[in-house]
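Because the structure is a prediction, the values reported are computed rather than measured. In what follows, every chain begins at residue 1, and chains take the letters A, B, ... in the order their sequences are listed.
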There are 2 protein chains.
Amino acid sequence: MSSMTINEVAAPRMKAADRRELILEAATAVFGAKTYVGTTTDEVARAAGVSQPYVVRLFGTKEKLFVAVIERAYARLIDEFRRALPGDREGRAKRMGTAYTDLLAERGMLPVIANSTALGGEPVIGRVARAGFSDIWRFIRDDAGFSLDEARVFIATGMLINTIVGLRLTGDYGNEVSATEVLDACFPDAVEHVRSLVPEAGEPW
Amino acid sequence: MSSMTINEVAAPRMKAADRRELILEAATAVFGAKTYVGTTTDEVARAAGVSQPYVVRLFGTKEKLFVAVIERAYARLIDEFRRALPGDREGRAKRMGTAYTDLLAERGMLPVIANSTALGGEPVIGRVARAGFSDIWRFIRDDAGFSLDEARVFIATGMLINTIVGLRLTGDYGNEVSATEVLDACFPDAVEHVRSLVPEAGEPW
DNA sequence: CTCTCAAGTAATCATTCGATAACAACCAAG
DNA sequence: CTTGGTTGTTATCGAATGATTACTTGAGAG
C-alpha cells in the first residue's frame, strides 16, 4: 500500500539537507490533511518516499518535525506577503490577500498554519505557533504599514478563509445557501479559483 | 491517577440520559483542550467520573461521541446568540459578540467549535461540522438579520477570537507587542474579562 | 420478597505508533 | 583500493488506545 504521493519514484542517496526539505514538503501536506496528532510518522515517510525510522532520525521526534513544518510554513507565508508589498498602497491588502489564497497551491500550507493556532496549549508547539503568529502580525503592522484596524480585519479575514478551507465549504458551493453566500462574500471575484485549489471532502488534499 | 476533574465525587446510579449529558460536558472540556484525535476515551471517562468502557458503550464510538459534542456545542452557541437578539438593532452585533466570548466560561465550548472547523476532510465529522457552521450562518443572516457584509465580518471576527484563544495569546498580553495589540484591537473594553477566562499555556483548561 | 432490567465495572484484546538498534550500501579522500 | 563517514533500511519493541466481553450491583414493579 505504498502510495508515494509526493515523489512518484523514490530518490535514493540524496544529500541530507535536500532530503530534509523534501520530507518537510511531504510532511506539510500530510499534517495539513490529517492534523498534528492524527498524522503518523509512517504516513509522512511514505509520502516522502523514505522509511519511517529515517524520518524520525532526521528530525529527532515527531514533535520536532512538526515544529520545523510550522516554522517553514510561517516563513513561507511572510515571504509571499513580502513579494506582494510593492505597488500602490490602496491595493496592498488585496494583493496580500491574493498571496494568501495562492498559498493554497502549496499542499498543506494553509491547513498547517490553521491547525497550529489550535495548539497554543502544547508547551513546545504552542510557543512556536505564537511566535509564528507574532511574526505575521509584526510584518503586517511594521512592513506592510497596516493600521491597528486594518491589521485586525486582515488577519480576521485570513482566519475565516482558514475556516472555509478547513470545513471544505467549497464543495457545497452552489448546492447549499450558506456555503454559497460565504464564498461569494469572501472571494467576490475568485470563487472558482479557490474552489479549484481546495480538495473535496474526500480525504486526499 | 484518577483526577476526577469535573465531578469531585463519582455519582453512582444516575439515569442514563443525565449521565450522557454529564459525559458530554466533560468530553467538551477534554476535546477542547486536547483536540479530537489527541483525546482518549479514558480521559473523558475519568473527567466524567465513570469507567472508560461505559463511555464507549453509551456513545458507540469515540467518533460518535465527538459528533454529539460538536452538535451540542453549535446548538448551545445558537441558543446563546438567540438570547442576545432582543434590544436595539445597532447594538445587536456587539451583544452577540459578547455572548460568544461569554461562552468561554463553558469549558471547551469554543475550542471544540474551532477544532471542528479543521476537520472538514473527515467523512462523518466533516459533514456535522459543516452543518453546524451552516446553522450559525443562517441564524445570523435570517434571525439576526445581518447583511452579507455584516455576517462576513461578524464570523471572521469570531474566527479571530478562536485563534487568539487557541494560541493562548492572552498569556502574552503586556509582555509581547503583537499579543497586546491584537487583544486590545479585538476586545477594546473586555481584555481582562477574556484573559480571566482563558487558561495559561500550561495545559489544563 | 424477588425478579428483572438498567447502570456500571474489571479484565482483556488486537492494533497502532513512535522510537531504537543493528545493519547495509554508497561515495569521496588519501 | 580501502577506509570512514553519510545515507539509508529492516526488524522489533514497549506503551497507549479503542473496543469487546463477561460480570456485578442497585432499584423499582408486582
Study note, to complete from the structure: Rounded to whole Å, the CZ-P distance (B:Arg20 to C:dA7) equals 12 Å
**Study point:** Rounded interatomic separation in angstrom, taking NZ from B:Lys62 and P from C:dT15
**Key:** 19 Å
Study note, to complete from the structure: Separation of D:dT25 atom C1' from B:Met14 atom CE, nearest Å, is 16 Å
Exercise for review: Nearest whole angstrom, please: distance from the P of D:dC13 to the CG of A:Asp42.
Suggested key: 18 Å
**Study point:** Separation of A:Arg76 CZ from A:Glu106 CD (nearest 0.5 Å)
**Key:** 4.0 Å
Study note, to complete from the structure: Taken to the nearest whole Å, CD/B:Gln52 to P/C:dG8 is 16 Å
**Study point:** Side chain A:Arg13 and base D:dT6 donor-acceptor under 3.5 Å
**Key:** yes
Point to revise | Side chain of A:Thr40 (C-beta onward), nearest among C:dG8, C:dG18, D:dT7 | key: C:dG18
Review point. What is the distance, rounded to the nearest whole Å, between atom CD of B:Glu63 and atom C1' of D:dA19?
Key: 14 Å
Review point. Just checking, is any N or O donor in the side chain of B:Asn162 or B:Tyr100 under 3.5 Å from an acceptor N or O on the other one?
Key: yes
Exercise for review: Indicate the atoms forming the closest heavy-atom contact of B:His193 with B:Asp102, along with that distance.
Suggested key: CE1-OD1, 3.1 Å
Review point. Phosphate oxygens OP1/OP2 of C:dG8: is one of them under 4.0 Å from a side-chain N or O of B:Ser51?
Key: no
**Study point:** Among D:dA19, C:dA19, C:dG8, the one nearest B:Arg19 by side-chain distance
**Key:** C:dG8
Review point. Rounded to the nearest Å, what distance is computed from the CG atom of residue A:Leu58 to the P atom of nucleotide C:dA19?
Key: 13 Å
Review point. Rounded to the Å, how far apart are A:Lys64 NZ and C:dG18 P?
Key: 16 Å
Check your understanding: A:Tyr54 side chain: which of D:dG8, D:dT10, D:dA22 is closest?
Key -> D:dG8
Check your understanding: Which nucleotide, C:dT9, D:dT20, C:dA19, lies nearest any side-chain atom of B:Pro53?
Key -> D:dT20
**Study point:** Geometric class of the A:Phe31/A:Tyr36 ring pair [parallel <30°, tilted 30-60°, perpendicular >60°]
**Key:** tilted
Review point. Would a distance-only check, ignoring hydrogens and angles, find a side-chain to backbone donor-acceptor pair under 3.5 Å from A:Arg130 to A:Gly120?
Key: yes
